[in-house]
Q: 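Encoded as structure tokens, here's the structure I'll be asking about.
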Amino acid sequence: MGKKRVMVPAKELELSTVKYEKETIQAPHLMGSILKLFVRIIEIPIIGSLIISFMKKENNMVEMLQNTEIPEKPMFKPEFPPQEAEPSVVIVDEEGEPTDRVQSALKCLPHYDPASCWSGDTLPSFRYWKIRDFAYAYRSKLVTPSKIAEQIITLVEGCKYHKAPTPLLISFDAEDIRKQAAASTQRFKEGNPLSILDGIFMAIKDDIDCYPHPTKGASTWMHEVRSVEKDAVSVSRLRSCGVIFIGKANMHEFGMGTTGNNPNYGTTRNPCAHERYTGGSSSGPAAIVASGLCSAALGTDGGGSIRIPSSLCGVVGLKTTYGRTNMGGSLCGSGTVEIAGPIASTVEDVILVYAAILGSSPEDRISLKPSPPCLPILSSLENVNILGSLQLGKYTEWFNDVHSTDISDVCEDVLNLLSKSHGCKTIEIVIPELHEMRIAHLVSIGSESLCSLNPDIEDGKGVKLNCDTRTCMALFRTFTASDYVAAQCLRRRIMHHHMEIFKKVDVIVTPTTGMTAPKIPPGALENGESNMQVSGYLMRFILAANLLGLPAITVPVGYDKQGLPIGLQLIGRPWGEATILRLASAIEELCAESRRKPASFHDLLKTK
């Protein structure tokens, strides 16, 4: 019998007694035939339960969930206190037309000077083409959406980006792309583009509906039991702005992994280093953007699935506040930790896509009472003063707990640059109960994923899942109702800790991941891989934004000694997207000169 542990109420916890404990995960690294054998064993009744029970005890999960008295009441989904209005922002109407919100976002951006963008003389050694570059090229008749479409189709088919062994896309229809592009080209010819997003090419992660493509969640069977009749809400909003969809992007099966490994269709490779993972689960969306194939992509984030691959691939990824976007039409729409959000090569492109897709569901408007959505006015003269007033919270021991000091050093340098250039002040903070936060998130996302998939698993589809997904499912099945309630009690505690921190700081800053892109073991490609140590490093700084529903963004800030991208994460107050977008834009500008062209990059707007 375990000894009972009693937690003091969160309000009475003395921060001076909090000691940082490095995360240690006790689990074997498995792949190939060993992983297949392990899955068979843990799925055997009684024997499998005993093995998983032992592993849970080794990782202090049993002590936390079953032997601990938690004084707080459960919080079954994020609950936020009222927030103060953010300065120098434009409020947009979440019930209005997406095109109007995108136009408002466009007015918030700094002045666009085509001469400086296209001359080549004043440009850094490498820059991604932005959405406004494509819009200018279309309006100036330098190129048409149809011509760009043909380039993309040629690249996808020529490089086999839609086929194993290394696909970026799971579903691809060249004729559908041509049809969308022809309609956009005609609108430009008539001088009536729908918005700045008209003719902009995007990919959609394969757990979000994009008609007429099937939604498989990168499995081999989901489309057999679930048909797609219309676009997801976020996709419909983008389509109304003229966005052209190139297809459904590859991902880790059902989002249950951090690497992007997928034996079903092949594993997406990192454009910065072909032998390395992109990160997951939004592996395809991040790789498509990083390689220049699309301006932006839509992903989902329940445990870092937008931010991890964006960081590892060297692009920008926004995880919005829980409930800020409507999850209708996505496979993960019924959970309490997931959101849909944009991945793009630049912060301004993230802002434009975010403006199009934002807008809570009617249910979330009632239960969450969201603050009005706003966008930062980056063109404002006040912008510099607002940046200078920002207080950044840094938990140094956590910040430095990374696989390589290259990561913490590069991120620290950026904070120093922010201080020197804008006067941002970094304040030391302490975040209690990080281990408890990890357990609460795992139980929450695991129980909710199992609830969603269980009817199909019980109907015989479970044997068709990948080995690492089946490993996750075997663990999730051992969570009890009391485990889930305990996790929600922890959620309330941890929310209290973070709301106290946000009384002193505006943004919490961390590296996005605890390691850069890991190598893909050749033995992991056929049957998958289970590597909890790698997952621990990739998710080290990720989970508060998911468990607590906070907004967070990753911005590329440099490279390690191997030339692999490093991301800096900004975590904001509830509904505080405008603040983290403003700061992210300033960071991007400070780091622009150091940005490098990925090893695999396609220049769709060649000027020479």
Side-chain angles (χ1 to χ4, degrees), residues 2-10 13 18-27 49 51-78 255-258 302-305 308 322 335-338 395 398 401 430-451 471-498 510 514 530-550 571:
K3 187 179 178 183
K4 179 180 174 181
R5 174 190 172 203
V6 179
M7 301 180 89
V8 300
L13 182 67
V18 174
K19 289 186 170 57
Y20 180 75
E21 294 179 12
K22 291 201 170 192
E23 181 182 13
T24 54
I25 299 174
Q26 306 293 330
S49 296
I51 291 170
I52 292 174
S53 178
F54 172 76
M55 292 175 68
K56 285 164 71 176
K57 283 179 182 173
E58 286 288 290
N59 289 282
N60 297 321
M61 292 182 69
V62 173
E63 178 197 19
M64 188 68 255
L65 294 169
Q66 295 172 16
N67 303 340
T68 301
E69 184 179 303
I70 308 166
E72 282 72 27
K73 292 179 181 179
M75 179 187 285
F76 289 104
K77 65 194 296 188
M256 288 192 205
T258 57
S305 292
I308 291 169
Y322 176 78
T336 66
V337 295
E338 296 95 344
Y395 186 11
W398 189 37
D401 188 7
V430 173
I431 305 177
E433 299 173 356
L434 290 169
H435 175 65
E436 287 82 352
M437 179 167 69
R438 286 188 282 267
I439 291 175
H441 174 268
L442 178 62
V443 174
S444 299
I445 195 172
S447 301
E448 291 162 12
S449 298
L450 181 65
C451 181
T471 302
C472 290
M473 285 296 167
L475 170 62
F476 299 162
R477 276 190 208 98
T478 69
F479 295 149
T480 64
S482 64
D483 290 341
Y484 187 76
V485 173
Q488 308 321 304
C489 294
L490 289 173
R491 194 194 310 236
R492 189 173 295 280
R493 284 182 71 85
I494 294 157
M495 181 70 85
H496 171 80
H497 298 323
H498 280 74
T510 73
S530 177
N531 190 336
M532 291 297 107
Q533 284 77 24
V534 162
S535 290
Y537 272 116
L538 292 177
M539 297 177 78
R540 176 139 304 158
F541 307 103
I542 287 298
L543 299 179
N546 295 109
L547 182 67
L548 307 181
L550 302 172
I571 305 172

Q: Going by heavy atoms in the side chains, are R493 and P71 under 4.5 Å from each other?
A: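 The answer is yes; the side chains approach within 4.5 Å.
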
Q: For S530 and T471, does a side-chain donor sit closer than 3.5 Å to a side-chain acceptor?
A: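 No pair is found: no donor N or O on one side chain lies under 3.5 Å from an acceptor on the other.
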
Q: Within the 3.5 Å criterion, strictly below it, is a donor on H497 or E433 matched to an acceptor on the partner's side chain?
A: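 Looking only at side-chain atoms, E433 and H497 do form a donor-acceptor pair, the distance falling under 3.5 Å.
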
Q: Using side-chain heavy atoms (C-beta onward) and a distance below 4.5 Å, is M539 in contact with M532?
A: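 Side-chain contact under 4.5 Å: no.
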
Q: Go through R438 and L543 one step at a time and tell me if the side chain to side chain contact (heavy atoms under 4.5 Å, CB included) criterion holds.
A: CA-CA 7 Å; R438 286 188 282 267; L543 299 179; 3.7 Å; yes

Q: Find the distance between CZ (F479) and CD1 (I439) and round it off to the nearest 0.5 Å.
A: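 Nearest 0.5 Å value for the CZ-CD1 distance: 9.0 Å.
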
Q: Of all heavy-atom pairs between S444 and L547, which one has the smallest distance, and what is that distance?
A: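 Closest pair (atom of S444, atom of L547, distance): OG-CD1, 4.1 Å.
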
Q: Are K3 and E69 close enough for a salt bridge, meaning some N to O gap below 4.0 Å?
A: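 Salt bridge absent between K3 and E69.
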
Q: Between E23 and R540, is there a donor-acceptor pair closer than 3.5 Å when you use the side chain of the first and the backbone of the second?
A: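 Judged by distance alone, no pair lies under 3.5 Å.
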
Q: Please lay out, stage by stage, how M256 and F476 fare under the test side chain to side chain contact (heavy atoms under 4.5 Å, CB included).
A: CA-CA 11 Å; M256 288 192 205; F476 299 162; 4.0 Å; yes

Q: Which heavy atom of G303 sits nearest a heavy atom of I308, and at what distance?
A: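 Minimum heavy-atom separation between G303 and I308: O-CD1, 3.9 Å.
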
Q: Would you check, one step at a time, whether the test side chain to side chain contact (heavy atoms under 4.5 Å, CB included) holds for E21 with H435?
A: CA-CA 8 Å; E21 294 179 12; H435 175 65; 5.6 Å; no

Q: Looking at A544 and H498, what are the two nearest heavy atoms and their distance?
A: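 For A544 and H498, the tightest heavy-atom pair comes out as CB-NE2, 3.6 Å.
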
Q: Does F54 CZ have over 12 foreign heavy atoms under 6.0 Å away?
A: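 No - once you tally the heavy atoms of other residues, nucleotides and ligands closer than 6.0 Å, there are 12 at most.
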
Q: So do V337 and R491 actually touch side chain to side chain, heavy atoms under 4.5 Å?
A: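 Side chain of R491 against side chain of V337, heavy atoms only: contact under 4.5 Å found.
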
Q: Would you sort out whether I445 and N546 count as a side chain to side chain contact (heavy atoms under 4.5 Å, CB included), showing the intermediate values?
A: CA-CA 9 Å; I445 195 172; N546 295 109; over 6 Å; no

Q: Do Q66 and S482 have a side chain donor and acceptor closer than 3.5 Å?
A: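 No - no donor-acceptor pair under 3.5 Å links their side chains.
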
Q: Looking at side-chain heavy atoms only, is the closest gap between T336 and F76 below 4.5 Å?
A: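 When only atoms from C-beta onward are counted, F76 and T336 do not touch, as no gap falls below 4.5 Å.
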
Q: Indicate yes or no for a side-chain donor-acceptor contact from N59 to the backbone of M61 under 3.5 Å, with no hydrogens or angles considered.
A: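 No.
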
Q: Restricting to pairs with a member in residues 478-487, which pass salt bridge (Lys or Arg N to Asp or Glu O under 4.0 Å), not counting sequence neighbours?
A: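 Found none.
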
Q: Do the side chains of P78 and L548 get nearer than 4.5 Å, heavy atoms only?
A: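 L548 does not reach P78 side chain to side chain.
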
Q: Just jot down the side-chain contact (heavy atoms from CB on, under 4.5 Å) partners of T478, sequence neighbours excluded, or say none.
A: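 Only I52, K56, L475 meet the side-chain contact (heavy atoms from CB on, under 4.5 Å) criterion with T478.
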
Q: So how far is it from M473 CE to S449 OG, rounded to the nearest 0.5 Å?
A: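 Taking CE in M473 and OG in S449, the distance rounds to 6.0 Å.
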
Q: Write down the atom of G335, the atom of Y322, and the distance for their closest heavy-atom approach.
A: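 Taking G335 first and Y322 second, the nearest heavy atoms are O-OH, 3.0 Å.
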
Q: Using a 3.5 Å distance criterion without hydrogens, assess whether the side chain of R5 forms a donor-acceptor pair with backbone atoms of N67.
A: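 Side chain of R5 to backbone of N67, a donor-acceptor pair under 3.5 Å: no, none is there.
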
Q: How about T68 and E63: does a side-chain donor come under 3.5 Å of a side-chain acceptor?
A: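 Looking only at side-chain atoms, E63 and T68 do not form any donor-acceptor pair under 3.5 Å.
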
Q: Which pair of heavy atoms, one from D401 and one from F541, lies closest together, and at what distance?
A: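 In terms of heavy atoms, the two residues are closest at O-CZ, 4.0 Å.
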
Q: Of all heavy-atom pairs between V443 and L65, which one has the smallest distance, and what is that distance?
A: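 Nearest heavy atoms, V443 then L65: CG2-CD1, 3.7 Å.
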
Q: Holding to ring pair (Phe, Tyr, Trp, His ring centres under 6.0 Å), I want the full list of residues that pass it with Y395, two or more places apart in sequence or in another chain.
A: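 Once residues adjacent in sequence are excluded, the partners of Y395 under the ring pair (Phe, Tyr, Trp, His ring centres under 6.0 Å) criterion are Y20.
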
Q: For the backbone of E72 and the side chain of R492, can you confirm whether one donor and one acceptor N or O come within less than 3.5 Å of each other?
A: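 Looks like no, no N/O pair under 3.5 Å.
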
